[in-house]
Amino acid sequence: MAMVLIPLGALIVGSFLVLDDLGFGTEWGFENYREMVQGHVIRRAFLNTLFVSTGSTLLATFLGVSLAWLNARTNCPFRDRLEPMNLIPFFMNPFVGAIAWHNLASPKVGMLNHMARGLLGIEGSLLNVNYLFGVIWVTGIFFTPLVYLFVVGSLRRMDPSLEDSARVTGAGLLRTTLTVTLPLAAPGILSGAIIVFVTSAGEFGVPFKLGTPYGWETLTTQIFTKAVGDEANNYMGAAMSMILGIITGVFIWVQRRIIAPREFTTVTGKGFRPNLIDLGRWKWTAFGFNIFYVFVTVILPIISILVVSLHTVWVGKIIPDDFTILNYQRLLFFWTPIAIKPATNGIINSFILALAGATITMVLAVILSFQIHRRRGRFAGVLDFLCAVPVGFPGIVLGMGILIVYIRTPIYGTLWILLLGYVTRFFPYGQRNVASVMMAISEELEQSSRLSGASWMTTLKRITIPLLKPGIFAGWLLMFLIFIRDLSISIILFTAGTETLSTGIYYLQEYETESLTCALSVIQTSVLLACVLLLRKMVGRQALVA
């Protein structure tokens with residue numbers, strides 16, 4: 001409880017503290033909020049955030065619903081093999097995706113633009129992602145799996161007789177889909193759209209790469225600006241975080257209290273096997289659409305960062321004769337110059353944090369899930385609510401609250417503060433993973449243990465945990481993967497010597513070459529993909545869907 005409430009409380013209090021003219025003392029007031037309303041840059045950042053979040057949500061919802069429908073209800077070729085590939089972007093780092101697309105479609109060094117000029121004779125630039133629409137494109141395609149996961153289950157459980165009735169009355173495929181299928185899946189679609197909206201609003205890496213250098217700020221990039229630097233004003237950053245937190249909190253409340261409880265009947269008491277819609281000759285068009293999504297979110301970005309990392313200097317043109325592994329040698333084996341050290345620190349620190357953080361998170365998840373769903377004490381409902389609270393706040397907002405609380409304590413400037421931030425922010429994912437498995441296990445075995453005289457701790461150790469092993473292992477791998485890729489918490493809390501893989505990429509992006517940045521991006525992406533493959537191999541397809 002303290003891990004969640006103290007940072008959020010400090011954020012609220014800090015937003016009403018105002019630095020004096022000398023920048024040393026503080027006083028109470030609304031000056032921070034007044035400056036946000038009157039300040040041109042912050043006001044514009046707020047409007048840009050709403051624009052990006054809305055655009056990303058529309059794009060992700062269209063792609064997510066389309067892919068879910070194709071995979072769950074049609075005879076699209078190879079859909080079983082394509083489904084896990086559709087989910088891979090969920091586990092990748094959007095910041096790396098933005099770097100990849102910058103090197104693919106920026107006006108000067110974009111690989112695709114260079115090819116268009118050489119092959120098609122086009123003058124100027126065919127594509128330009130260094131703009132708000134570029135931020136929307138990258139954010140939307142990488143958050144598409146969030147909508148997919150909310151929708152695909154409803155479509156698979158839907159009674160086909162509901163659609164058959166519409167077809168019998170003369171409705172065509174398109175009309176049946178629009179008037180019957182999608183309305184029945186509306187709660188899942190709206191829930192996924194809301195999650196994408198709040199996640200996009202809290203995204204830092206994509207707008208930082210594709211927007212900020214070109215004059216397009218968002219609230220997250222402004223919060224970062226206020227949190228670091230010689231003229232940092234943490235209290236202004238807290239006020240801006242409160243605005244972002246309120247926006248996301250309202251939408252999460254709508255999702256949980258209004259949309260999620262709406263149960264449209266998609267499963268009846270009749271026995272049935274969900275039938276597949278025959279797309280006829282259009283099935284290969286559907287296959288091409290799915291392949292296109294996988295290509296632009298997985299294959300093309302990986303090719304981009306890999307090709308750029310093999311050049312000493314990237315100018316937008318692939319030169320096979322210039323291919324070299326020097327960038328990887330500098331990152332992995334050369335500890336000098338000093339500018340490379342944040343990258344090597346990032347590799348080591350990320351593995352330490354991921355191993356320790358995943359373990360601590362899953363231990364806490366098992367204990368609290370047992371308290372909530374087995375012991376059901378007086379405060380079980382409160383604990384369940386508090387476990388879900390961090391989901392409603394972007395990482396950069398919680399990071400800002402943790403920074404305000406611990407900036408003057410001994411743990412600031414160490415890996416401990418990053419570990420605290422990770423566990424606080426991502427604990428709900430581990431806890432929900434364990435809770436879902438625990439609720440599926442009958443309580444009879446545990447009750448027998450207690451009746452035999454065993455304490456609740458003995459019961460937990462000898463009965464509950466062995467039964468929960470698959471869920472615990474899947475949750476541990478998921479936490480490990482999330483901690484490896486995180487940027488929003490790390491960018492606020494890291495200092496020299498406590499860099500992570502993502503902040504190492506940020507550092508190289510700011511102070512080193514694009515080629516070196518892409519080399520570290522390849523290393524991180526390789527680790528993430530290896531974790532995804534291991535997670536799928538050990539637990540099966542449901543590990544990716546969880």
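Residues take their numbers from the sequence shown, with the count starting at 1.
- Minimum interatomic distance between Ile189 and Thr61 (heavy atoms only, all atoms of both residues): CG2-CG2, 3.9 Å.
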Kindly indicate, with the supporting measurements, whether the criterion side chain to side chain contact (heavy atoms under 4.5 Å, CB included) is fulfilled by His40 and Arg44. CA-CA 6 Å; His40 172 72; Arg44 188 177 179 186; 4.3 Å; yes
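- At a threshold of 4.5 Å between non-hydrogen side-chain atoms, the residues Pro207 and Val52 do not count as touching.
- Checking side-chain atoms of Asn113 against main-chain N and O of Ser106 turns up a donor-acceptor pair under 3.5 Å.
- Inspection of the Tyr507 and Glu512 side chains reveals no N or O donor paired with an N or O acceptor under 3.5 Å.
- Closest heavy-atom contact between Met111 and Ile318: SD-CD1, 3.7 Å.
- In this structure, the side chain of Asn327 does not engage the main chain of Ala519 through any donor-acceptor pair within 3.5 Å.
- Side chains of Leu528 and Val96 form no contact here, defined as non-hydrogen atoms less than 4.5 Å apart.
- Interatomic distance, Leu104 CG to Leu300 CG, rounded to the nearest 0.5 Å: 4.5 Å.
- Side-chain contact check for Thr361 and Tyr422: no donor-acceptor pair (N or O, by modelled atom type) lies under 3.5 Å.
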In sequence, state the C-alpha distance, the side-chain angles, and the governing distance for Phe46 and Ile247, and then conclude on side chain to side chain contact (heavy atoms under 4.5 Å, CB included). CA-CA 11 Å; Phe46 174 75; Ile247 293 173; 3.4 Å; yes
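- Defined by atom type and a distance below 3.5 Å, a donor-acceptor pair is missing between the side-chain atoms of Thr500 and Ser502.
- Side-chain N or O atoms of Ser125 include none that pairs as donor or acceptor with a backbone N or O of Leu127 at under 3.5 Å.
- Formation of a donor-acceptor pair under 3.5 Å by the Arg485 side chain with backbone atoms of Asn93 is not found in this model.
- Separating the OG1 atom in Thr414 from the CG atom in Leu419 is a distance of 9.0 Å, to the nearest 0.5 Å.
- Looking only at atom types and distance, the side chain of Thr54 has no donor-acceptor partner in the side chain of Thr57 under 3.5 Å away.
- With hydrogens and angles disregarded, a donor-acceptor distance shorter than 3.5 Å links the side chain of Tyr293 to the backbone of Ile141.
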Pair Val206-Phe95, side chain to side chain contact (heavy atoms under 4.5 Å, CB included): steps then yes or no: CA-CA 5 Å; Val206 178; Phe95 183 37; 5.9 Å; no
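- Taken to the nearest 0.5 Å, the NZ atom of Lys317 stands 10.0 Å off from the NE2 atom of His311.
- Annotation: side chain of Asp486 is in contact with side chain of Ile489 (closest heavy-atom distance under 4.5 Å).
- Here Phe133 and Trp137 keep their ring centres 6.0 angstrom or further from each other.
- For the pair Ser526 and Val522, the minimum side-chain heavy-atom distance is below 4.5 Å.
- Closest heavy-atom contact between Val296 and Trp101: O-NE1, 3.2 Å.
- Contact annotation: the side chain of Phe62 never approaches that of Leu58 to less than 4.5 Å [non-hydrogen atoms, C-beta and beyond].
- Of the inter-residue distances, the one linking Ile484 atom CD1 with Leu501 atom CG reads 5.5 Å to the nearest 0.5 angstrom.
- Side chain to side chain, Trp69 and Thr74 fail the donor-acceptor criterion of an N or O pair below 3.5 Å.
- Closest heavy-atom contact between Trp314 and Ser515: N-OG, 3.7 Å.
- When every heavy atom of Gly357 is checked against every heavy atom of Phe483, the shortest pair comes out as C-CE1, 3.1 Å.
- Phe51 CZ to Ser200 OG: the interatomic distance, rounded to the nearest 0.5 Å, is 13.0 Å.
- Residues Asn103 and Glu514 have side chains that bring a donor and an acceptor to within less than 3.5 angstrom of each other.
- In this structure, Phe287 has its ring center closer than 6.0 angstrom to the ring center of Trp284.
- Of all the heavy atoms in Ala100 and Ile305, the pair that sits closest is CB-CG2, 3.7 Å.
- Within a 6.0 Å radius of CZ in Phe78, no more than 12 heavy atoms belonging to other residues, nucleotides or ligands are found.
- Between Phe224 and Tyr506, the ring centre distance stays below 6.0 Å.
- Looking only at side-chain heavy atoms (C-beta outward), Leu244 and Ile396 come within less than 4.5 Å of each other.
- Under 3.5 Å, the side chains of Thr312 and Asp322 contain no donor-acceptor pair of N or O atoms.
- For the pair Thr220 (side chain) and Glu203 (backbone), a donor-acceptor distance under 3.5 Å is present.
- For the pair Leu82/Ile291, a side-chain contact is recorded, criterion being any heavy-atom separation below 4.5 Å from C-beta on.
- For Ser490 (side chain) and Thr503 (main-chain N/O), no donor-acceptor pair under 3.5 Å exists by modelled atom type.
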Could you please spell out the steps behind the side chain to side chain contact (heavy atoms under 4.5 Å, CB included) verdict for Val147 and Val196? CA-CA 7 Å; Val147 179; Val196 170; 3.5 Å; yes
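- The side-chain heavy atoms of Leu403 and Tyr412, taken from C-beta on, include a pair separated by under 4.5 Å.
- A donor-acceptor contact under 3.5 angstrom links the side chains of Glu217 and Thr221, judged on distance only.
- Residue-environment remark: CZ (Phe292) stays at or below the threshold of 12 foreign heavy atoms within 6.0 Å.
- Looking only at distances, a side-chain donor or acceptor of Asn349 sits under 3.5 Å from a matching main-chain atom of Glu499.
- Judged purely by atom type and a 3.5 angstrom limit, Ser53 uses its side chain to pair as donor or acceptor with the backbone of Thr49.
- Around atom CD1 of Ile325, no more than 12 heavy atoms belonging to other residues, nucleotides or ligands sit under 6.0 Å away.
- If you take CZ on Phe91 and CD1 on Ile88, they are separated by 9.0 Å, rounding to the nearest 0.5 Å.
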